[in-house]
Structure formats: C-alpha cells, structure tokens
Amino acid sequence: MKRLLFGVAAAALLAGAAQAAKTDLTLGVALEPPNLDPTAGAAAAIDEVVYANVFEGLTRIDETGAAQPALARSWEISEDGLTYIFHLVEGATFHDGAAFDASDVKFSFDRAMAEDSQNAQKVLFEPIETIEVVDPATVKITLKRPTGAFLFNMGWGDAVIVDPASAATNATDPVGTGPFVFGDWAKGASITLEKNPDYWGEPAQLDRATFKFISDPTAALAALMAGDVDGFPGWPSPETVPQIEADPRFDVVMGSTEGETILGTNTAKAPFDQLKVRQAIAHALDRQAIVDGAMFGIGTPIHTHYPPHGPAFEDLSGLYPHDLDKARALLAEAGFPDGFDATLKLPPPAYARRGGEVVAAQLREIGIRLEIIPVEWAQWLEQVFKGKDFDLTIVSHTEPRDINIYARPDYYFGYGKPEFQALMEELNAATDAEAQNAILRKAGTMIAEDAVNGYLFQLGKIGVWRTKLKGMWANQPTQAIDLTAVRWVD
Amino acid sequence: MRLGSVRVSSGFVVGAVLTVLFVGAAALSYAWTPWSTEGLSIASRLRPPGGEHWFGTDHFGRDIFSMIMVGARTSITVALVAVAIGAGIGVPLGLAAAAGRGGWLDELVMRFNDLVFAFPALILAILITASLGPGAVNAILAIGIFNIPVFARLTRGAALSLWAREYILAARAAGKGAARISFEHILPNTANLLIVQATIQFSLGILAEVGLSYVGLGAQPPTPSWGRMLAEAQTMIYVAPWFAIFPGLAVALTVLGLNLMGDGLRDALDPRLKGRA
C-alpha cells in the first residue's frame with residue numbers, strides 16, 4: 001500500500017514537472033532516413049532530420065525560401081558575378097571539438113566535387129572553378145560562369161560543411177556544427193538529437209528532439225491522439241484533418257511546399273512523343289477534381305512546373321483548360337480516334353495512389369485506358385527513374401527551383417529541348433532577380449505549351465502539432481524540419 | 001426443419017439465404033447497379049447514407065452500395081476459381097494417392113501436401129502475389145495453390161476407407177482398373193464430404209481475397225474490391241464511418257453465411273453424423 005502511494009505521488013510529481021517546463025519534443029515523420037549524411041544521399045528524410053539541426057552550410061534556406069547567412073556571416077560578390085568572398089563565423093566548433101575554419105569549407109566542397117563523390121547533387125557545385133582559403137575566416141570561390149542561384153544552392157543540405165576527421169562516418173554518427181548534437185538512432189523506431197551546449201550562435205530552445213518513424217497514416221493518427229508524438233510536420237492523411245481541427249489540443253497549419261505533383265510522361269516513347277497526345281491529356285485533366293479526390297481539397301492546381309507561391313509565377317490556366325471535346329479531337333488528329341491502352345505506375349504515397357485513380361478515370365473519358373500498376377519506391381527508382389520503363393507515372397518533385405531538370409535529355413521524362421537548354425544557360429548567367437524571374441516565366445510557359453508532363457497540383461503541407469508548440473515552419477521551401485527556433489510556450 | 005427428404009438445421013437456412021443474397025447481388029451487378037462504379041464524381045464524395053445513396057458514397061463519390069455489389073463479384077469469382085483449382089487438382093491427386101496407397105505416388109503426394117501445409121497460408125499467398133505482382137489473377141493462383149492439399153488429403157482419407165469395401169473388391173474382381181474404380185465408385189461416394197469442404201474453402205477463399213486486397217495485393221483499381229474499400233476507409237473512419245461499416249458487414253455476413261451453410265450441409269450429408277442432434 002505504501003509503495004503504491006509512493007508511486008502515485010511520484011507520478012504526480014513527474015506530471016507536474018513535465019507541465020512546468022517541457023523542453024523535449026517528439027515529432028512523427030513518415031520515412032526513416034537510409035543514413036544521416038546529407039552529402040551522400042538523395043533521400044529527403046536525411047535532410048529532414050539533420051539539415052539546420054546538426055549540419056550547417058555557408059548559407060541556410062529560411063522559411064520563406066530565401067538564402068540567409070549561416071556559417072558564412074557575410075559575403076561579397078564581384079561585379080561580374082564570378083567571385084564570391086565568404087566571411088566565416090569565428091569560434092564555431094564541430095560537435096567532436098574540432099575547430100571550424102576555411103579549410104573545412106575547401107575540404108567539403110572538394111570532396112563533393114571529386115570524381116568518386118557520393119554527393120547526390122553534384123550539379124550544385126559544377127559552376128565552381130576554384131576554392132581558395134584566404135585566411136582561416138575567409139574563403140574565396142571563383143565560378144566558371146555567373147550562377148544566379150549560387151547562394152541559394154550553397155544552402156542545400158547537400159552543401160553542408162563537414163570536418164575531415166568525421167566526414168567518413170557521418171552516415172551513422174553525424175558530426176556537424178549545428179545547434180543539435182546527434183544522440184541516438186534506434187533503427188526502425190526513432191532518432192534522437194540533443195542540444196549542443198557549445199553552439200556558436202543562438203542556442204536551441206529544446207533540450208532534446210526525437211523523430212519517430214511512423215509511415216502508416218492510421219498509426220500516425222493513433223500516435224497523435226494518444227500523445228506519443230507532439231506533432232507531425234508533414235501530416236500523412238488529409239482525410240483526417242477535419243477531425244484534428246476539431247480537437248483543441250492541436251493546431252493544423254496549412255502551408256506550401258516545393259512539391260510539383262506531375263503526371264510524369266515518357267516523352268521518348270510512342271504515342272507520348274506526339275505533342276497532340278500530350279495536349280489531349282492536358283485538356284482531359286480536371287485538376288481541381290484531382291486535388292479534391294486525392295488530397296481532400298488540400299493543394300493548388302498547377303499548369304507548369306513552378307509553384308504558385310513563387311516570385312516567377314504566371315497564371316497559365318487558360319492554356320489547356322478542362323475540355324473533353326477538344327481532348328478527343330486532338331487525340332483523333334493524332335491518329336487515335338478510339339484512344340489507346342497504356343500503363344500508369346504509381347509509387348506508394350497517397351497523392352500518387354489516390355491521384356492515379358482519379359487521373360485514370362479522367363483519361364478513360366477520352367478513351368485512354370490506363371492499367372494501374374502500384375510499385376514500391378525502390379521499384380519506381382529502378383524501373384521508372386533509371387530504367388525509363390514506363391508510360392505514365394505520378395510523382396511530386398519536392399526540390400526547390402528544379403525546373404532545370406527539363407534541360408536534361410537523359411532525365412526520366414526525357415525532354416531536353418535545345419531552346420529550353422539555352423534558356424537555362426541564360427538563367428544561370430542572370431544575376432538580378434527580375435531578370436531571373438522573367439527567364440523562369442519563359443521556361444515555365446515553354447514546358448507548359450509543350451505539355452511535357454501533365455501538371456496536376458502543388459502539394460500542400462499539412463502541419464499538425466500541439467497548440468503550445470511554437471516556431472515550427474508552416475511552409476516547406478526545402479526538405480527540412482528546422483528546429484532552431486522551436487519552443488514550448490504556456 | 002425438412003427440405004424435401006433431407007433434414008436441415010435453421011442455421012443452414014440462414015446461411016443459405018445470406019449466400020444466395022450475396023451471390024445474387026454479384027450476379028445482378030453484371031446487369032444493373034443503382035449507380036455506375038466506372039466514373040468518379042468527386043463533387044459528391046463522402047455523402048452519408050440516405051435515399052439517394054443507400055450506403056453513402058466513398059472518397060471519390062462512388063456509390064458504396066454499387067461498389068459492394070461489384071466487389072462481391074470480385075471476391076466470389078476469385079474464391080470460386082481458387083476452389084475449382086484446389087478441387088480440380090487436389091481431388092485427382094488424392095484419388096491417385098489412395099489408389100496407389102503405400103506406394104511411391106502416395107508418398108510423393110502426401111509429402112508435397114505436408115510441404116505446402118508447413119507454410120502459413122496467407123503469408124505465402126502474400127509472397128506469391130508480391131513476387132508475381134499484385135492482381136486478381138495472381139490472387140486466384142495464390143489462394144488456389146493452398147486449396148490443393150486440403151482437397152488431396154480429404155479425398156485420400158475418404159478414398160482409403162472405401163478401397164476396403166466389398167463392392168470395390170467386386171469391381172476389381174470384375175476386372176476394372178484402378179483409375180476406373182476411382183472415378184466410377186470412389187469419387188461419387190466421397191462427393192458429400194467434398195461439397196462440404198468446398199463450401200468451407202470458398203468462405204476461406206473470400207476471406208483470403210479480402211485480406212490480400214486489403215494489403216494492396218488483390219484486384220487493382222478501378223476494379224472495386226471489399227478489401228481495398230476497407231483499407232481506404234480505415235483513416236476516414238471518424239469522418240465517414242459508413243465507408244468502413246458496410247464493406248465490413250458485407251465480408252462478415254458472406255463468410256458467416258457460407259460457414260453456416262457449410263455446417264448445415266455437413267450435418268445433413270455426412271453419414272457419420274446421422275442420428276445425432
């Protein structure tokens with residue numbers, strides 16, 4: 001009896017303590033990262049855990065998608081846009097105690113650019129001609145040609161600064177300069193980060209942050225309702241949003257992502273190599289119905305590969321409006337008055353699987369009969385992305401400013417029109433934002449007119465977390481769950 | 001209760017009514033459903049049950065009553081063909097094993113049976129569909145393979161006891177070969193047992209089909225299927241409970257009906273149970 005009473009008292013004490021000052025956070029994420037080295041993997045799940053929290057780059061991308069100073073506290077750009085002088089923060093150290101200086105920057109970028117580099121975005125470093133260490137706090141980078149997005153590119157997770165001593169083991173034991181130190185990785189369950197007491201900048205306001213891997217939407221709902229997790233930066237099931245909104249314990253925050261969800265089209269394969277067939281598909285798509293059916297209304301219809309919230313957005317909805325008669329006529333002109341059969345390969349996310357059902361039903365209206373083939377991510381990468389063995393697919397391109405993929409003829413949907421490549425070269429040469437936006441608009445219009453892919457909708461970001469949790473990002477301008485400003489309030 | 005000259009239990013009647021209801025709905029769906037299940041009507045998604053949509057609509061605005069009718073067709077077809085595969089291959093195997101009792105053929109068939117029985121059926125069905133690719137045809141194959149040993153073993157057991165009967169001896173004395181005896185004398189006398197077993201395997205087959213399509217390995221969209229409806233309804237259970245309840249009821253009632261009917265048939269047909277209860 002005594003023991004029982006003691007137990008009750010202890011529980012009450014613990015509960016009281018937790019209410020007074022909660023400094024730990026548990027977030028749910030859908031996918032477990034394959035490793036923890038953002039410079040050696042393309043998986044978004046890596047950046048979500050370690051970007052800005054454990055690792056930092058010269059610049060960082062903030063919530064609005066702008067490049068902000070990070071390990072480079074300031075910079076100077078030469079008139080011709082070819083020379084960047086970065087002034088680095090002083091007194092920063094890596095989590096293993098090694099000092100951060102200009103030589104680490106040179107090491108990190110040389111490593112990323114090396115022939116045998118594992119970096120998933122080598123293209124970010126491609127414009128770099130030379131990297132010079134001027135003094136321990138100054139780096140001078142010379143480019144082969146002006147690159148408008150260079151500061152932004154240096155803020156990607158793939159361009160974070162690592163230390164020579166720990167670079168090889170970052171995959172399992174990440175050592176960065178950020179406000180959080182890697183704590184523990186329980187494979188298949190969770191990753192824990194601890195506060196870095198020696199952080200060079202504004203210290204984190206959480207003592208501990210845990211990322212729990214919960215891929216099943218039903219399990220996610222159960223974990224949230226039971227209080228096992230404090231929130232989900234990317235809530236997996238839009239259909240349950242009304243239920244969570246009605247719960248006073250939680251805030252539901254709708255934001256934007258860089259995820260253009262497209263009907264990926266194999267433009268190298270008949271009949272999709274015919275412009276008229278692709279135009280017919282563009283006319284047959286009822287985008288709002290796809291958003292409503294697949295995402296329960298959360299998301300914005302798009303008509304080119306550019307987000308509606310971006311500065312270079314142009315309304316192209318008048319180009320190929322939903323018009324079944326026109327679609328059938330175009331299909332007949334292309335030589336398919338009775339339509340044709342094709343396959344639609346769908347990766348696991350709900351936007352693809354549910355969206356695919358709606359798209360298949362819409363294309364059936366004009367006689368394009370799609371066989372739906374569900375595939376796992378590994379199969380999708382192997383068959384669709386690498387093998388180009390597909391007719392149509394649905395996927396969301398979540399990287400920011402990724403319209404340049406259309407310049408690559410070897411990309412999975414295969415476009416690479418020379419005029420478009422020329423536009424991308426112009427874009428790289430332009431340093432002023434207005435000029436860049438004008439070129440982006442031209443590029444967006446070109447791929448929209450050519451109906452390269454079916455442009456469906458911009459993936460919405462549904463953030464769900466406890467009302468007392470503040471500082472979470474509403475939008476997702478890059479693949480990150482930035483915890484640097486996250487805190488509990490009463 | 002009596003049906004002609006056969007005594008039947010009330011459980012059998014309930015089971016038979018449920019079975020006829022669902023098989024009838026499946027058959028009717030070829031000719032008529034209240035709404036079409038082909039096209040989507042996003043604007044009328046997740047409507048609650050009412051006069052217009054008796055069982056409500058799903059997340060794409062399709063009529064759930066119509067989906068259940070067509071889904072019954074999918075489940076019943078898969079389970080029926082799977083039973084046919086099992087009986088079609090298993091029964092001859094069992095007859096052959098009994099005819100060559102004690103010989104190498106008997107040994108081979110029975111060890112093959114043991115091999116298949118050694119695996120948990122649904123897990124291996126998942127393995128088969130995962131490696132062959134999801135789809136109704138592969139689901140039929142996966143479920144059908146597990147029906148083979150069930151029928152083979154049952155047929156062999158029943159046939160073994162028959163081979164010792166006098167009339168079989170008489171047939172042998174008359175010069176009939178083993179194959180002819182098996183099909184002309186043994187098979188008709190094991191039919192009772194086989195029919196009862198087929199009913200039970202049929203209900204298990206429906207459960208297996210629902211299970212496979214629940215995990216996404218059965219019939220693919222846009223073909224309506226009960227298992228996939230349940231999987232999709234899962235996260236919407238608070239928003240649209242009818243979406244989960246009606247397909248769930250359909251599965252439960254069909255399986256209940258088939259099991260009751262199977263039990264009733266066994267009571268009525270199995271000579272060993274005659275005179276009891």
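- Both the backbone and the side chain of B/Pro221 come within less than 4.5 Å of a heavy atom of chain A.
- For a residue to count as touching a neighbouring chain, one of its non-hydrogen atoms must lie under 4.5 Å from one of that chain's; by this rule A/Ile372 touches chain B with backbone and side chain alike.
- Exactly one residue among A/Ile290, A/Val358, A/Val291 makes a side-chain contact (heavy atoms from CB on, under 4.5 Å) with B/Ile42. That residue is A/Val358.
- Looking at A/Ala289, the atoms closer than 4.5 Å to chain B (heavy atoms on both sides) sit in the backbone and in the side chain alike.
- For B/Leu46, the part lying under 4.5 angstrom from a heavy atom of chain A is the side chain only.
- Ranking A/Ala220, A/Pro242, A/Gly293 against chain B, the residue ahead of the rest is A/Gly293, based on heavy-atom pairs under 4.5 Å.
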Please list every donor-acceptor pair closer than 3.5 Å that links chain B with chain A, giving the two atom names and the distance for each.
residue: B/Glu38; atom: O; partner: A/Arg364; partner atom: NH2; Å: 2.8
residue: B/Thr235; atom: OG1; partner: A/Glu239; partner atom: OE2; Å: 2.3

